[in-house]
2 protein chains.
Amino acid sequence: MARTKRFDEEEVLNNAMLFFWHKGYNGTSPQEILDELGLSRSSLYDTYGDKRSLFISTLKRYRDTITGEIIHMLDTTENVPETIKLLFQQAKNSCFSGDEKRGCFMVNSKVELAIHDEEVAAIVKENREALENAFTGAIKRGQEKGQLSKDNQPRALARFIMNNLWGLTVHSKSGADKKVFDDIIRMTLSVVK
Amino acid sequence: MARTKRFDEEEVLNNAMLFFWHKGYNGTSPQEILDELGLSRSSLYDTYGDKRSLFISTLKRYRDTITGEIIHMLDTTENVPETIKLLFQQAKNSCFSGDEKRGCFMVNSKVELAIHDEEVAAIVKENREALENAFTGAIKRGQEKGQLSKDNQPRALARFIMNNLWGLTVHSKSGADKKVFDDIIRMTLSVVK
DNA sequence: ATATTTGTGGAACAAAAGTTCCGTTAATAT
DNA sequence: ATATTAACGGAACTTTTGTTCCACAAATAT
């Protein structure tokens, strides 16, 4: 048999994701990733293919981990309004905690690339639909349990919630302060009843 | 005196803006702009400075024209709820009319660059604040005229409206269909009362 | 211990990006 | 008509980007 890889495949993929997330696809060069991660050029190309393939892999990884976790929360929560509130708090906190205001990788990527790259567009679309379905399902359960009124159509409410979560990711790049986030979250949640 | 420019300075600036708007800062090369606009390299650099300066000029142009127009509408409208509704309809239409789904140049630019470029961050922040003030002023007038109830704080409602408009620009990159937009707009406007 | 086979280091490269420079051209003020 | 001065065309150049290739290294099955 042949020798084994000296680097952890998942770890490098994760770090590459952070690069693309932070600086965008066109703003990140293979060289930067190599410098930071210390693996050799040939290993990078050998393992992940070219730059675009690597990017697509990181986007899928985001979908499977970050988006996946949110969907799991929505699928399993016993307290729907509380979980929705929590997601908004998390969105706010990620904008003011120590680390960078990276926003959402999926949002950043679709804004940069979705018009020009069909594969990115497809991933992004699938991601949106999966999230919408998870929110819709959770809202339905919330309504059945009496945690939410039946005044709103579940899918419409789901779409509205997502619109406001995405709006917050844009706000995170706009120099808005905490009060702005609090106002938006308060007003949005006033509809989630 | 010297000879006059063979190109229209404003027109080239406008076309350069469309490039950056469509393909992003890092996705657009000076060469592409030159190829399309037909002016010479030296004229471009002579007139607008380097690529980044040109970009900054186009971003300011957007602020002065597109954002300026929205602010003007809000400052002068006699029917505030109607104007707000109109802005949402325009946001929706721009996603489905013949031309490209470019989204909002200000949103695209801040998502791509605001973390890394202080000057972009400043323009983007100022743009947000100017818009928020215009919405807030309009909402106050609407409340005084009895077109809107006084249940909502004007500034909080303004922030909420902007959050949903920006959310729509993200939706325009997400492969969402008309029904998604209609649900979001209906739910958002249900709060604008 | 060796053969096998894949990983690794790094040289090398073509193309593109971003910019500068300069000789030439052409408006216009006088 | 000419001098003046800025615009123009395009050659040229330095980096950076994205990628390939190959000689060498090392893990493991036998």
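The chains referred to below are lettered A, B, ... by the order of the sequence lines, with proteins before strands, and numbering in each begins at 1. This structure is a prediction, so every number in the text was calculated from the model and none was measured.
Per the geometry, OH belonging to A/Y25 stands 13 Å off P belonging to D/dT17, to the nearest Å. When the P atom of C/dG18 is taken as reference, atom CZ of B/F55 falls 13 Å away, rounded to whole Å. Whole-Å rounding puts the A/R52 CZ to D/dT17 C1' distance at 17 Å. For the pair B/I33 CD1 and C/dA16 C1', the interatomic distance rounds to 15 Å; values are reported in whole Å. As rounded to whole Å, 11 Å separates atom P of D/dT16 from atom CG of A/D35. Regarding A/D8, its CG atom lies at a distance of 14 Å from the P atom of C/dG7, rounded to whole Å. Atom CG in B/N26 sits about 15 Å away from atom P in D/dT16, given to the nearest Å. Following rounding to the nearest Å, A/Y48 (OH) and D/dT19 (C1') show an atom-to-atom distance of 17 Å.
For NZ of A/K5, the number of neighbouring non-hydrogen atoms (other residues, nucleotides, ligands) closer than 6.0 Å is greater than 12. Atom NZ of A/K125 sits in a sparse spot, with 12 or fewer heavy atoms from other residues, nucleotides or ligands closer than 6.0 Å.
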Nucleotides 6-12 of chain D: protein proximity per nucleotide (B base, S sugar-phosphate only, - neither; heavy atom, under 4.0 Å): BBBBBB-
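Remark: B/D64 does not engage B/R61 in a salt bridge, criterion side-chain N to carboxylate O under 4.0 Å.
In terms of modelled atom types and a separation under 3.5 Å, the side chain of B/S109 and the main chain of B/M106 share no donor-acceptor contact. Counting only distance, with no hydrogens or angles, the side chain of B/T77 and the backbone of B/L74 share no donor-acceptor pair below 3.5 Å.
Listed by first and then second residue, the salt bridge (charged side-chain N to carboxylate O under 4.0 Å, His left out) pairs that reach into residues 66-82 of chain B are B/E78-B/K145, sequence neighbours excluded.
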